[in-house]
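We number each residue from 1, following the sequence as shown. Counting starts at 1 for both ligands and their atoms, in listed order.
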Amino acid sequence: MNNIKVTKEGNLETTLRGKEVLSIPTLNKGVAFSAEERKSLGLDGLLPPTILSLDEQAKRAYEQFQAQPDRLRQNVYLNDLQNRNEVLFFKLLQNHLREMLPVVYTPTVGEAIQEYSHEYRRPQGIYLSIDNVEGIEEAFENLHATAGDIDLIVATDSESILGIGDWGVGGINIAIGKLAVYTAAAGIDPSRVIPVVLDVGTNNEKLLNDPLYIGNRHERIQGERYEAFIDAYVKAALKYFPKALLHWEDLGNKNARNIMKKYNHEILTFNDDIQGTGAITLAGVLAAMKKTGASIKDQRVVVFGAGSAGIGIADQIRDTMVLAGLSEEEANKAFYTMDYRGLLVEGMENILDFQEPYLRTAEEIKDWKRDENGQIPFIEVIRQAKPTILIGTSGQSGAFSEEIVKEMAKHVERPVIMPMSNPTPLAEAVPSDLFKWTDGKVLVATGSPFDNVEYNGVSHEIGQSNNAFAFPGLGLGSIVVEAKVITPAMFAATADAIAESVDFETPGSGLLPSMSDLQEVSIKVAIAVAETAIKEGVANRIPENVEQAVLDAMWKPQYKQVVAK
Ligand SMILES: NC(=O)C1=CN([C@@H]2O[C@H](COP(=O)(O)OP(=O)(O)OC[C@H]3O[C@@H](n4cnc5c(N)ncnc54)[C@H](O)[C@@H]3O)[C@@H](O)[C@H]2O)C=CC1
Ligand SMILES: CC(=O)C(=O)O
Ligand SMILES: [Mg+2]
């Protein structure tokens, strides 16, 4: 912002005074302002007299957090804190990452999104409306930021929020949640990011009928008007912030793929649900191969839920199989993809273009049992395909039933099962059941956090197969080398770096690293991504020492001295 500058010495310099200083979350330190700052910034008498340190404030904030009656209230509390004092919010989050990540991110962010219009207190980020395409540039203009000020923009149109569907303007909270993870995990400077909601209306009747709903109160606009709106957003974002990474979140799967096709080869951008999720799941699969000694070339994979995440995952595992020596055709044949109609087979109606590589032929399944609708049900797919890996990206709570899991376990020594759907209540299975139904043989990772499972005297940590392990480091690495685009090799490097961080020694360790190591893992990912970008020739900036450049770029939750200008 024009009235706040970072000086050469690393101080914050501002022309603002008094209450204005206290109202800007990037500037505000509350009772941590020193006597000198209070004097020069016109804060004397506006604050209680005692000065506390950041650590002391964080202790008090933690007490306040703990006093909240439930997770949603904790989310609202933290959001409020972020809007008051950014450094304190991130300090608290860093101190209690494992405990608070599920509050600012999945699962609780899902509740906060649903309650957005009722819990609304202050705007955060920018709200772009399809009914005012001409206003997009003005919205960016109103941020009063200059070209070099922004590194990252996370945008959603809220059509497919986690597994809970269309939540209109409230989807901005997923962009805010993802950005909090970027900062907590990879030290992306929170003053250099923008959450964006692309409000194209909503098909959610509950919102349309809610008198307090604060988004566009009409049906979702699709087709040419939608595309023009998206294009206007991309153009405006890059006009004002030419180096910014554009992250797409929770779009409907058709739009998500179209946007990827249109922009991914041209600008620095990626789709988190398709590509970030592909990378983290591939990491889990690679770790499973290492734990069992199996080869990725020999896997048979059932993808239950062939949408954005499901096919994004299939694509990245398939590409890795090809690198390991299979032909593309052989690799495609390792997959059995399913949607709400059962197994996807050639000739079915309404097949989406990104699902096509994985369709089974009529010949292959001619002897498979069909249900009364002529479709091939889940249990038959498991019986016939004998998968070694089962991925859940359907948003269908409990779909991995005892019958399904026991059938799978009949055919494979160590079944790899990943119920990836978020938030927690939508998981296809809960880990404790998976241990029980497979006599403890399962290798499991889930999308949302789950407690350890005690089985046969060992406490098993449940790895979180969530793109939160992928996007922060991917973003940081790309930003540090000013990548022109994100290449497939950069996603592969992300997966490798995560898989290498898995604990293969400790009994009961998870299939993915522990969330407590999120920052360490994200740094490794960032270094690997930056190095790969340089190797691939897509880096605009080549630091002498990549590791140092990554570490230097990381923002830390510490107060800067605020000086009056
Ligand atoms: N763990 C992670 O990092 C991530 C998890 N996800 C989760 O994956 C789930 C799906 O998300 P998206 O791929 O974005 O949605 P999507 O709508 O693109 O895909 C969902 C797919 O599930 C299918 N489906 C619906 N009902 C089904 C049923 N009864 N049986 C089989 N398939 C069924 C749909 O036809 C569709 O193909 C969500 O719960 C989301 O939270 C998504 C992205 C990342
Ligand atoms: C984690 C995530 O991106 C999702 O569930 O949509
Ligand atoms: Mg998502």
Side-chain angles (χ1 to χ4, degrees), residues 101-102 105-107 109-110 113 154-167 171 173-175 177-178 181 247-257 270-284 302-316 336-344 348 350-352 354-355 358 371 373 375-379 381 390-401 404 418-428 445-450 462-472 494 498 511-512 515:
L101 208 62
Y105 188 52
T106 180
V109 71
I113 288 167
V154 176
T156 184
D157 74 359
S158 313
E159 185 176 354
S160 186
I161 295 289
L162 307 169
I164 58 177
D166 176 352
W167 285 93
N173 270 354
I174 197 66
K178 292 271 170 183
V181 178
H247 167 141
W248 302 94
E249 191 64 41
D250 291 355
L251 310 175
N253 53 41
K254 287 185 209 159
N255 291 328
R257 283 278 171 173
F270 75 103
N271 183 292
D272 184 39
D273 299 290
I274 299 172
Q275 299 173 291
T277 313
I280 179 63
T281 313
L282 174 59
V302 169
V303 176
F304 187 79
S308 290
I311 300 296
I313 291 166
D315 289 348
Q316 280 194 48
Y336 298 80
T337 54
M338 304 190 60
D339 74 3
Y340 60 97
R341 301 167 295 180
L343 182 69
L344 298 187
M348 273 169 92
N350 300 322
I351 292 293
L352 301 164
F354 55 86
Q355 296 167 329
Y358 305 107
D371 62 17
N373 303 314
Q375 288 155 357
I376 299 175
F378 195 12
I379 187 70
V381 176
L390 175 58
I391 308 282
T393 43
S394 64
Q396 300 301 304
S397 171
F400 296 175
S401 63
I404 293 286
M418 298 201 200
M420 303 263 302
S421 290
N422 303 316
T424 320
L426 298 188
E428 285 83 0
T446 53
S448 284
F450 278 91
I462 306 304
Q464 203 178 332
S465 183
N466 192 295
N467 49 34
F469 269 118
F471 64 77
T494 300
I498 301 168
L511 198 52
L512 287 161
M515 263 300 162

**Q.** Region of Q396 engaging ligand 1 - heavy atom pairs below 4.0 Å
**A.** side chain
Q. Is ligand 1 under 4.0 Å from a heavy atom in the side chain of S465, in the backbone, in both, or in neither?
A. backbone
(Q) Distances under 2.8 Å only: what protein N/O/S atoms are near the Mg ion (ligand 3), ordered by chain and residue? (A) E249 OE2, D250 OD1, D273 OD1
Q | Winner among L344, N422, D250 once heavy atoms are compared against atom 4 (C) of ligand 1 | A | N422
Q: Heavy-atom distances under 4.0 Å are what count here, so tell me which part of T277 touches ligand 1: side chain, backbone, both or neither.
A: side chain
Q | Inter-residue atom distance I174.CD1 - S158.OG, 0.5 Å rounding | A | 9.5 Å
**Q.** Side chain to side chain, L352 and K254, heavy atoms closer than 4.5 Å
**A.** yes
Q | Protein heavy-atom partner closest to atom 13 (O) of ligand 1 - residue, atom, separation in Å | A | A309 N, 2.9 Å
Q: Among all protein heavy atoms, pick out the one at the shortest distance from atom 5 (O) of ligand 2; state its residue, atom name and that distance to 0.1 Å.
A: N422 ND2, 2.8 Å
Q) Backbone, side chain, both or neither: what part of D250 comes under 4.0 angstrom of ligand 2, heavy atoms only? A) side chain
**Q.** Region of N466 that comes within reach of ligand 2 [heavy atoms, distance under 4.0 Å]
**A.** side chain
Q: List every atom of ligand 2 that sits less than 4.0 Å from any heavy atom of Y105, numbering the atoms from 1 in the order shown and giving each element.
A: 1 (C)
Q.
Counting only heavy atoms, tell me which of D339, I164, T281 gets closest to atom 34 (C) of ligand 1.
A. D339
Q.
Among S421, G110, A399, A470, which one puts a heavy atom closest to atom 9 (C) of ligand 1?
A. S421
Q) Where on F304 is there a heavy atom closer than 4.0 Å to ligand 1, on the side chain, on the backbone, on both, or on neither? A) side chain
Q.
As an exercise, identify every atom of ligand 2 less than 4.0 angstrom from a heavy atom of K178.
A. 1 (C), 2 (C), 3 (O)
Q: State, yes or no, whether a side-chain contact exists between T424 and F450 at a heavy-atom distance under 4.5 Å.
A: yes
Q.
Only heavy atoms of D273, strictly under 4.0 Å: list the atoms of ligand 2 that pass.
A. 2 (C), 3 (O), 4 (C), 6 (O)
